[in-house]
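We name chains A, B, ... by the order of the sequence lines, and we start the count at 1 in each one. All values derive from a computational prediction rather than experimental measurement.
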Number of protein chains: 2
Amino acid sequence: MNSSLKVLMNLSKVQAVISRRFDRLNIHGIGFNDFMVLYLLQQSADEKMRRIDLADKIGVTASGITRMLLPMEKIGLLTRETNERDARVSYVVLTPAGKQLFEDAEKTAKILAEEIIPAGKSKNMNLLSDLLIRLGGDIT
Amino acid sequence: MNSSLKVLMNLSKVQAVISRRFDRLNIHGIGFNDFMVLYLLQQSADEKMRRIDLADKIGVTASGITRMLLPMEKIGLLTRETNERDARVSYVVLTPAGKQLFEDAEKTAKILAEEIIPAGKSKNMNLLSDLLIRLGGDIT
DNA sequence: GCATAATCATTGACTAGTCAAGTAAATATT
DNA sequence: AATATTTACTTGACTAGTCAATGATTATGC
């Protein structure tokens with residue numbers, strides 16, 4: 001049977017298993033997608049991003065990001081900021097608490113990530129990295 | 001920052017986007033995970049599998065598979081069968097309706113899969129396939 | 001300059017799972 | 001043989017999203 005389809009099925013399975021493994025750790029109380037949000041904010045120039053850009057980067061819908069961010073705002077990891085030029089947009093801003101939590105969580109996340117995809121075998125990893133970029137993975 | 005972690009984040013994003021694209025098609029009324037269930041049953045020797053084995057193959061939990069299969073049984077794509085040697089297990093059996101739906105859905109799924117990962121560039125695809133197998137993707 | 005279209009974000013109603021706990025049966029231990 | 005452990009599956013309570021529709025604002029075409 002069609003190989004592309006099999007690859008897609010394996011991609012789905014692998015991702016499901018990995019993300020459950022991450023979420024089970026419950027790194028400092030946040031899930032893997034939440035972790036990605038913190039990562040993206042922390043590495044962005046001024047530690048803020050538009051909600052829609054965050055959504056696109058992590059691969060959820062606009063309504064998905066609204067729902068994801070709510071509890072993170074509630075526990076003080078993020079705050080809102082308006083854009084003066086465009087009243088439609090609302091920025092997501094990383095708080096010091098959010099930054100601190102990210103730094104802690106990152107340590108645990110790194111260890112698990114290395115366990116799953118050993119960076120030692122770098123040839124494979126660079127390959128996988130390239131292939132994912134071609135498939136739309138634009139997180140750097 | 002750690003590359004393994006970035007690869008995992010991109011894997012998550014790519015998979016989210018792809019599976020949403022699939023599910024949006026709503027191929028013959030089923031989602032991508034449902035499609036995988038039908039695929040696995042159809043290619044298994046006697047068109048039946050234990051629930052736990054299905055769960056493991058597609059990467060969901062035991063309770064996840066229970067919840068997934070319910071609506072599929074309700075609309076007549078699957079039925080149950082007991083194991084006479086072991087009263088704990090309950091087989092999932094593909095019905096003729098389920099088989100028919102799979103065959104229809106497969107056509108659409110193949111087209112979309114090729115769109116996402118062109119099989120023409122087979123070098124890349126074989127590579128990706130191998131890497132996914134190493135990460136636990138065991139769907140053949 | 002006004003109507004039309006596009007963009008950003010949210011909400012209601014829903015689906016697709018998760019985990020933790022529990023039931024029941026089979027296996028292993030002693 | 002009796003007990004303890006493991007395995008298969010289900011259920012209750014919940015989380016994490018989805019889509020479709022809506023509100024509000026900004027950009028575009030004529």
Side-chain angles (χ1 to χ4, degrees), chain A residues 12-13 15-27 29-38 48-75 78-93, chain B residues 12-27 29-38 48-75 77-93:
Chain A
S12 170
K13 187 247 177 82
Q15 163 56 18
V17 171
I18 291 175
S19 86
R20 196 163 51 250
R21 198 165 155 196
F22 252 101
D23 287 348
R24 268 201 99 126
L25 273 188
N26 202 10
I27 319 186
I30 59 172
F32 189 60
N33 270 5
D34 300 326
F35 175 80
M36 284 202 278
V37 165
L38 296 181
K48 72 181 177 193
M49 284 179 78
R50 302 191 318 159
R51 303 167 101 72
I52 189 66
D53 295 332
L54 261 177
D56 285 348
K57 276 275 180 191
I58 71 174
V60 302
T61 61
S63 71
I65 204 80
T66 296
R67 300 230 137 96
M68 278 185 59
L69 299 183
L70 242 146
M72 300 178 78
E73 288 170 16
K74 212 161 271 171
I75 62 174
L78 311 172
T79 41
R80 276 155 187 276
E81 202 176 291
T82 54
N83 179 333
E84 296 177 5
R85 315 239 162 190
D86 189 339
R88 289 169 305 182
V89 332
S90 146
Y91 286 109
V92 187
V93 189
Chain B
S12 171
K13 187 249 178 82
V14 164
Q15 163 56 19
V17 171
I18 291 175
S19 86
R20 198 166 50 249
R21 196 164 157 196
F22 252 101
D23 286 348
R24 267 201 99 126
L25 274 189
N26 202 9
I27 319 187
I30 60 173
F32 189 61
N33 270 5
D34 300 326
F35 175 80
M36 282 202 278
V37 166
L38 295 182
K48 71 183 180 191
M49 286 178 77
R50 302 191 319 159
R51 303 168 100 72
I52 189 67
D53 296 332
L54 262 178
D56 285 349
K57 276 273 180 191
I58 70 175
V60 300
T61 61
S63 70
I65 202 81
T66 296
R67 301 230 136 98
M68 279 186 58
L69 299 183
L70 243 146
M72 301 179 77
E73 287 169 16
K74 212 160 271 173
I75 61 173
L77 304 178
L78 311 172
T79 41
R80 276 156 186 277
E81 201 176 291
T82 55
N83 180 332
E84 295 177 5
R85 315 241 162 187
D86 188 340
R88 288 169 307 180
V89 334
S90 146
Y91 286 109
V92 187
V93 189

Atom [atom1] of [X] to atom [atom2] of [N]: distance rounded to whole Å?
X: B:R24; N: D:dG17; atom1: CZ; atom2: P; result: 17 Å
X: A:F22; N: C:dT18; atom1: CZ; atom2: P; result: 17 Å
X: A:R21; N: C:dG17; atom1: CZ; atom2: P; result: 21 Å
X: A:N26; N: C:dA20; atom1: CG; atom2: C1'; result: 14 Å
X: A:L69; N: D:dG17; atom1: CG; atom2: P; result: 10 Å
X: A:L70; N: C:dT10; atom1: CG; atom2: C1'; result: 10 Å
X: B:Y91; N: D:dC9; atom1: OH; atom2: C1'; result: 14 Å
X: B:R50; N: D:dT10; atom1: CZ; atom2: C1'; result: 16 Å

Compare every heavy atom of B:D23 with every heavy atom of B:F32, then report the nearest pair and how far apart it is. N-OD1, 2.8 Å
Distance-minimising heavy-atom pair for B:S12 and A:M36: OG-CE, 3.3 Å
To the nearest 0.5 Å, tell me how far [X] [atom1] sits from [Y] [atom2].
X: A:L70; Y: A:M68; atom1: CG; atom2: CE; answer: 11.0 Å
X: A:T79; Y: A:K48; atom1: OG1; atom2: NZ; answer: 10.0 Å
X: A:I65; Y: A:N33; atom1: CD1; atom2: CG; answer: 8.0 Å

Whenever both distances are under 3.5 Å in a Watson-Crick or G-U wobble pair, mark it; put DNA chain D into dot-bracket that way, with [ ] for crossing pairs and | when the partner is on another strand. ||||||||||||||||||||||||||||||
Determine, stepwise, if the pair A:R80 / A:R51 fulfils side chain to side chain contact (heavy atoms under 4.5 Å, CB included). CA-CA 10 Å; A:R80 276 155 187 276; A:R51 303 167 101 72; 2.9 Å; yes
Going by the side-chain contact (heavy atoms from CB on, under 4.5 Å) test, name the single residue among A:I58, A:I52, A:L54, A:V60 that passes it with A:D56. A:I52
Excluding sequence neighbours, so at least two apart, what forms side-chain contact (heavy atoms from CB on, under 4.5 Å) with B:N83? B:R85, B:D86, B:V89, B:Y91
What residues, two or more places apart in sequence or in another chain, satisfy side-chain contact (heavy atoms from CB on, under 4.5 Å) together with A:S19? A:Q15
Which is more 5' along DNA chain C, the nucleotide nearest A:I52 or the one nearest A:R20? Just name the residue. A:I52
Using a cut-off of strictly less than 4.0 Å between a heavy atom of the residue and any atom of DNA chain D, enumerate the qualifying residues of residues 57-65 of chain B by number. B:A62, B:S63
Quick one, B:I30 with B:L77, criterion side chain to side chain contact (heavy atoms under 4.5 Å, CB included). Give me CA distance, side-chain angles, the key distance, then yes/no. CA-CA 11 Å; B:I30 60 173; B:L77 304 178; 4.2 Å; yes
Counting the atoms with a prime plus P, OP1 and OP2 as sugar-phosphate, which does B:S90 contact under 4.0 Å by heavy atoms, base, sugar-phosphate, or nothing? sugar-phosphate
Under 3.5 Å, N/O pairs linking protein and nucleotides 13-16 of chain C:
residue	atom	partner	partner atom	Å
C:dA13	N6	A:R67	NH1	3.1

Taking only the side-chain nitrogens and oxygens of B:R51, find out if one of them lies under 4.0 Å from OP1 or OP2 of D:dT7. no
Backbone N or O of A:G59 within a donor-acceptor pair of the B:R20 side chain at under 3.5 Å? yes
List the protein contact pattern of nucleotides 22-27 of chain D with one symbol per nucleotide (5' to 3'): B for base contact, S for sugar-phosphate-only contact, - for none; contact means a heavy-atom distance under 4.0 Å. ---BS-
